**Q** 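Have a look at the structure that comes next, please.
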Amino acid sequence: MGVTDEQKAAMQKQICYYFSDSNIMGDKFLLGKVKDNAEGWVDLSVLATFNKIKQITAEVAEIAACLEGAAGLAVNEDKTKVRRTEPLPTEWNPTPRTIYVKGLPEEEELSVLHEFFGKFGKVNKVSKRSFRGKLKEGQSRWKKSAYVEFSTEAEALKAIEEITCYKDGDEKLIVMSQEAHQKEVAQYEKPKEKRSREDDEDENGTKEAKVELPEMASVRFTEVGDAGFLVVKTELEKKVSRARFCVVADGVATVMLDSKEDADTIMAANAETPFVFEGVTPKECIRLEGEQEVSFRTEMNAKVAELRAKTRTGGGGGKGGKKGGKKGRKGGKGRR
């Protein structure tokens, strides 16, 4: 069917973004691929597994054709690999040139937000902020806020001064530096965390641990042989920072990562080169969805709550045991 000129432009823009400083320095998977090759080449077949790319085409030759003339990128002679033309930054700290904006319209497209903030300076990246965990009925996943990274700190400061409303007649947006927002969050979350530990009691007055586990962050490998959870966990943590929970039973390994993005990374990595656990390549790797995911998250929530409860009661019992032991020893001396 081929790729239209409009699709070619969209794909080129998306891949340029993937390899941009603003994205790649925070993309563990793609950054790892760049660093795996001495010259920074990444197979186009890897990009073909990315959702926004394969929605247009998964054909390597067509992806290579879309990258002709792409600024900041080069394709090899065989048209099978791509790399940055500039070396990776030696230092990376986007915080000083990033702002926080709250009060944005419901479900606004990322491209539209990018265009809006582009009025105030060159925008490197717009990151919509989302709620994690279970939502209340009718609640939107999006927090109606975003972090916006500009190309310079001066542009970020200018945007803070100039941004008022999203549209004429709208309520005034809350705008501040990312650093200022992070300080606000830290001040709010500390007392909130303390209150939750004090107030989360069941009807019997027993302290009950509550946890919020990420959604769409669990994957399952089937037919993993005799591999134990530690083997599976260790292999996956070569691609992401942490495998939060790993349960292996009857040759099936179910793993919860820290985020949906980490699960995306694992799925993409397995699509490129299947994981091998103690010499065994799993039959399939799937993301848990629907009832399967709800069931696994519920199970993990229960286990975490149980472990926390044991930690609280176990500590007190241990102290009591020691005291009892001392009394017993004293009593023994009296009888002798």
Side-chain angles (χ1 to χ4, degrees), residues 1-37 39-85 88 109-111 114 125-128 215-223 235-236 238-240 255 257 259-277 281-290 292-293:
M1 186 170 64
V3 179
T4 66
D5 289 342
E6 183 179 355
Q7 289 174 322
K8 177 180 177 180
M11 180 180 289
Q12 184 179 114
K13 181 179 179 180
Q14 186 64 40
I15 294 177
C16 284
Y17 168 72
Y18 286 148
F19 282 88
S20 68
D21 291 350
S22 298
N23 180 72
I24 202 166
M25 297 306 291
D27 188 330
K28 296 175 185 177
F29 177 71
L30 190 55
L31 183 61
K33 290 297 177 185
V34 171
K35 291 183 175 181
D36 281 346
N37 185 280
E39 297 181 346
W41 291 109
V42 176
D43 288 341
L44 291 177
S45 59
V46 173
L47 302 185
T49 66
F50 294 0
N51 288 335
K52 289 186 178 180
I53 303 303
K54 67 183 181 183
Q55 285 174 1
I56 298 175
T57 180
E59 295 296 325
V60 168
E62 291 182 339
I63 296 174
C66 290
L67 291 177
E68 290 179 6
L73 297 179
V75 177
N76 69 342
E77 292 183 2
D78 294 337
K79 310 294 184 184
T80 58
K81 301 177 186 291
V82 64
R83 71 175 180 186
R84 290 165 50 106
T85 55
L88 292 168
E109 291 290 334
L110 196 60
S111 59
H114 201 287
K125 183 178 183 179
V126 178
S127 302
K128 295 172 70 174
E215 295 183 341
M216 296 298 291
S218 299
V219 297
R220 175 167 289 165
F221 296 90
T222 61
E223 298 185 20
E235 287 300 315
L236 298 191
K238 293 178 181 179
K239 302 295 183 182
V240 295
V255 186
L257 291 310
S259 65
K260 176 182 178 297
E261 290 72 24
D262 280 355
D264 290 339
T265 296
I266 292 299
M267 296 293 290
N270 188 75
E272 182 201 5
T273 305
F275 287 96
V276 178
F277 306 127
T281 301
K283 182 178 179 181
E284 61 180 352
C285 171
I286 61 173
R287 186 197 299 271
L288 294 192
E289 298 179 351
Q292 285 186 326
E293 187 205 16

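Only a predicted model underlies this, so the values are computations on that prediction, with no experimental measurement involved. The residues of the chain are indexed from 1 along the displayed sequence.
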**Q** Nearest 0.5 angstrom please: Thr57 OG1 to Lys8 NZ, how far?
**A**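 With rounding to 0.5 Å, OG1 (Thr57) is 13.0 Å from NZ (Lys8).
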
**Q** So which heavy atom on Val3 is nearest to which on Glu62, and how close?
**A**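 Heavy atoms of Val3 and Glu62 come nearest at CG2-OE1, 3.7 Å.
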
**Q** Who pairs with Met267 by side-chain contact (heavy atoms from CB on, under 4.5 Å), at least two apart in sequence or on another chain?
**A**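 Testing Met267 for side-chain contact (heavy atoms from CB on, under 4.5 Å), a comparison that skips the adjacent residues, returns Val219, Cys285, Arg287.
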
**Q** Residues in side chain to side chain donor-acceptor pair (under 3.5 Å) with Thr273, at least two apart?
**A**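 Residues passing side chain to side chain donor-acceptor pair (under 3.5 Å) with Thr273: none at all.
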
**Q** What do the steps show when you test Gln14 against Phe50 for side chain to side chain contact (heavy atoms under 4.5 Å, CB included), and what is the final call?
**A** CA-CA 11 Å; Gln14 186 64 40; Phe50 294 0; over 6 Å; no

**Q** Which heavy atom in Thr80 sits nearest to a heavy atom in Val60, and how many Å separate them?
**A**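 Smallest heavy-atom distance, with atoms named: CA-CG1, 4.1 Å.
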
**Q** Checking Val34 against Phe19 for the side chain to side chain contact (heavy atoms under 4.5 Å, CB included) test, could you report, in this order, the C-alpha distance in whole Å, the side-chain angles of both residues, the deciding distance, and whether it holds?
**A** CA-CA 9 Å; Val34 171; Phe19 282 88; 4.1 Å; yes

**Q** What is the minimum heavy-atom distance between Leu288 and Met216, and which atoms define it?
**A**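 What the structure gives for the nearest pair is O-SD, 4.4 Å.
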
**Q** What's the separation between atom NZ in Lys81 and atom CG in Leu47, rounded to the nearest 0.5 Å?
**A**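 That separation rounds to 11.5 Å.
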
**Q** Any chance you could measure Thr281, atom OG1, to Phe221, atom CZ, to the nearest 0.5 Å?
**A**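 Going from the OG1 atom of Thr281 to the CZ atom of Phe221 covers 11.0 Å.
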
**Q** Can you check whether Lys35 reaches Leu88 side chain to side chain, under 4.5 Å on heavy atoms?
**A**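 Touching, per the 4.5 Å side-chain cut-off.
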
**Q** Count the heavy atoms of every other residue, nucleotide or ligand shown that sit under 6.0 Å from CD of Glu109, and state whether that count exceeds 12.
**A**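 Open.
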
**Q** Rounded to the nearest 0.5 Å, what separates atom NZ in Lys28 from atom CD in Glu261?
**A**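 Between atom NZ of Lys28 and atom CD of Glu261 there are 11.0 Å.
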
**Q** Which value, rounded to the nearest 0.5 Å, describes the distance between Ile15 atom CD1 and Leu67 atom CG?
**A**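 Between atom CD1 of Ile15 and atom CG of Leu67 there are 4.5 Å.
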
**Q** Closest heavy-atom contact between Cys16 and Ala71?
**A**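 Nearest pair, atom of Cys16 first, then Ala71: SG-O, 3.7 Å.
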
**Q** Which heavy atom of Leu30 sits nearest to which heavy atom of Tyr18, and what is that distance?
**A**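 Closest approach of Leu30 to Tyr18, heavy atoms only: CD2-O, 3.4 Å.
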
**Q** Nearest heavy-atom pair of Arg84 and Leu73: which atoms, and what distance?
**A**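 Answer, listing the atom of Arg84 first, then Leu73: CA-CD2, 4.1 Å.
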
**Q** Out of curiosity, Ile63 CD1 to Lys54 NZ, how far, rounded to the nearest 0.5 Å?
**A**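 Taking CD1 in Ile63 and NZ in Lys54, the distance rounds to 11.5 Å.
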
**Q** Is there a side-chain contact between Lys13 and Tyr17, using heavy atoms and a 4.5 Å cut-off?
**A**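 Sidechains of Tyr17 and Lys13: no contact.
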
